[in-house]
Number of protein chains: 2
Amino acid sequence: MAERKPRKDAARNREAVLAAADALFARRGSPEDITMADVAAAAGVGKGTLFRAFGDRPGLLRALYEARLEPVREAVETGPPPLGPATPPRQRVPALLDAVLCFKLDNGRLALALEESGSGSPYQAEHYRRWHGLLRTVLEQIPGLTDGDFTAHALLAATRADLVAYLAGQERLPRERMRAELAQFTARVLGPDSPQGPTVEG
Amino acid sequence: MAERKPRKDAARNREAVLAAADALFARRGSPEDITMADVAAAAGVGKGTLFRAFGDRPGLLRALYEARLEPVREAVETGPPPLGPATPPRQRVPALLDAVLCFKLDNGRLALALEESGSGSPYQAEHYRRWHGLLRTVLEQIPGLTDGDFTAHALLAATRADLVAYLAGQERLPRERMRAELAQFTARVLGPDSPQGPTVEG
DNA sequence: TGCAAAGCGGACCCCGGGTCCGTATCGTCA
DNA sequence: TGACGATACGGACCCGGGGTCCGCTTTGCA
């Protein structure tokens, strides 16, 4: 079971590739005209190395994505409110969605590249299933909320990378504005506060 | 302005290609492993003809899509309620979304192929802008509904082709169930019926 | 019936993802 | 420290699909 540890040049190269790819996706315009050869060149390694380390294009993107997502994931799983698990559901749902939105706003090109580069639908992706599973669970803790499964999908759909990129890019919708709109939308979906007194929030 | 009419063999070939592509996309499994050469072969024409008639891959997909969408478009623009323009907004919004959903359920592979085959984000596509524009307009006729623009995007996002395909395919969510869930979701977004009695419109 | 113009089609090009294998590096054991 | 197997390197190479090009055919107008 213990993964045999990789040789240190391999490890170093892996990091070099991640860093180079990160930089490339951050700077360049369209994600899809960053070629694997580009990444290899920028990292100063051969294509062989790149493919051995990550398998294929989606593999590289996934690795990058997971790396960037790590902080958010931690904040969600073990952090303090409003993201962490101690938060009451009605506050946590919008917080989670806001976190996803912000993440996509900050990592637009990458998320886009990942969703595009296929390997089938994005819905198979492990990270999507994690978000969906969590959101669903939280939703189902809210009384009066049925079909948490579909609702989770629908809410997450509102934060799709290409939609976010389009709104921010072509429509010039400012960041804060978008966050506000999403929050409002979410609020409507969650419905009015529960009848027996509003979560007397401090 | 007057488009010089095409030679009749050209017209015939164009139809042949549309028909062949239609059939291919309907039958075959994954949209992305239908190649342009396949389509050309199935239609009994050369690749040159195909590309002259439709420009490029997205062009062909778009043409197919528009053709299939035509009946729906007509029902929406000039048809009777609940889709047509005479419908009161609160009924029309869910009807529109249901129509979109059903369309995607019936034309899954094609819609998928179109959204994937890129040419940038799907949000630039003319047909998306039409749906969004219409939905937005209708939404804004509902009192108490702000930010119709974002809401329209978010609602449409819940009917994205790949999501629908995923739910129908992997999750085995039955058609009617999905329609019901979407309807319920929509209802929550629209909020409770207006307080001063139902649509006292004169 | 003759003759442009419009259209045809498939050989061809390009480019990007992915592979292969001879060579260089690592790290271990003596 | 020297030597040798295992591991990794890297870029030449392959393959498949989108898109183009151009000599040949068909159309349709006079």
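Numbered from 1 within each chain, the chains take letters A, B, ... in sequence-line order.
Between the P atom of dG16(C) and the CG atom of Asp38(A) lies a distance of 8 Å, rounded to the nearest Å. Atom CG in Asp33(A) sits roughly 13 Å away from atom P in dC15(C) (whole-Å rounding).
In summary, Arg12(B) and Glu15(B) do not engage in a salt bridge, as defined by a charged side-chain N under 4.0 Å from a carboxylate O. The pair Glu66(A)-Arg62(A) fails the salt-bridge criterion, with no side-chain N (NZ, NE, NH1 or NH2) lying under 4.0 Å from an Asp/Glu carboxylate O.
The minimum heavy-atom distance between Met178(A) and Val164(A), with the atom names listed, is CE-O, 4.0 Å. The nearest pair of heavy atoms linking Leu190(B) to Leu145(B) is O-CD2, 4.1 Å.
Taking the six-membered ring where the residue is Trp, Tyr166(A) and Tyr123(B) present parallel rings, their angle staying beneath 30° rather than reaching 60°. Ring geometry for Phe185(A) versus Phe150(B): interplanar angle over 60°, hence perpendicular rather than tilted (30 to 60°). Aromatic ring orientation, Phe103(B) versus Tyr65(B): perpendicular (interplanar angle above 60°, classes split at 30° and 60°).
More than 12 heavy atoms of other residues, nucleotides or ligands shown are found within 6.0 angstrom of CD on Glu171(A). The environment of Glu77(A) atom CD is dense: over 12 non-hydrogen atoms of other residues, nucleotides or ligands sit within 6.0 angstrom. Summarising the local packing, CZ of Arg130(A) is surrounded by more than 12 heavy atoms from other residues, nucleotides or ligands at distances under 6.0 Å.
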**Request:** For nucleotides 18-24 of chain D, just jot down a letter per nucleotide in 5' to 3' order: B, S or -, based on protein non-hydrogen atoms under 4.0 Å.
**Result:** BBBB---

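With sequence neighbours left out, the salt bridge (Lys or Arg N to Asp or Glu O under 4.0 Å) criterion links Lys104(A) to Glu115(A).
Taking 4.5 Å as the limit, every side-chain heavy atom of Pro31(B) sits out of range of all side-chain heavy atoms of Leu61(B).
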**Request:** Step by step, work out the salt bridge (Lys or Arg N to Asp or Glu O under 4.0 Å) result for Arg129(B) and Glu126(B).
**Result:** CA-CA 5 Å; Arg129(B) 313 191 79 127; Glu126(B) 206 258 340; over 6 Å; no

**Item:** Full working for side-chain contact (heavy atoms from CB on, under 4.5 Å) between Arg109(B) and Leu24(B)
**Value:** CA-CA 10 Å; Arg109(B) 333 209 92 91; Leu24(B) 277 185; over 6 Å; no

**Request:** In sequence, state the C-alpha distance, the side-chain angles, and the governing distance for Trp131(A) and Leu69(A), and then conclude on side-chain contact (heavy atoms from CB on, under 4.5 Å).
**Result:** CA-CA 11 Å; Trp131(A) 280 110; Leu69(A) 202 49; 4.0 Å; yes

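Contacts between residues 12-24 of chain B and DNA chain C, defined by a heavy-atom separation under 4.0 Å, are made by Asn13(B).
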**Item:** Intra- and inter-strand pairs of DNA chain D in dot-bracket (Watson-Crick or G-U wobble, both distances under 3.5 Å; | for another strand)
**Value:** ||||||||||||||||||||||||||||||

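Taking side-chain N and O atoms only, Thr49(B) has no distance below 4.0 Å to OP1 or OP2 of dG7(C).
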Is there any protein nitrogen or oxygen under 3.5 Å from a nitrogen or oxygen in nucleotides 14-16 of chain D, and what are the pairs?
none

Can you give me the N/O atom pairs linking the protein to nucleotides 27-30 of chain C at distances under 3.5 Å, or say none if there are none?
{"from": "dG27(C)", "atom 1": "OP1", "to": "Lys8(A)", "atom 2": "N", "distance (Å)": "3.3"}
{"from": "dG27(C)", "atom 1": "OP2", "to": "Lys8(A)", "atom 2": "NZ", "distance (Å)": "3.1"}

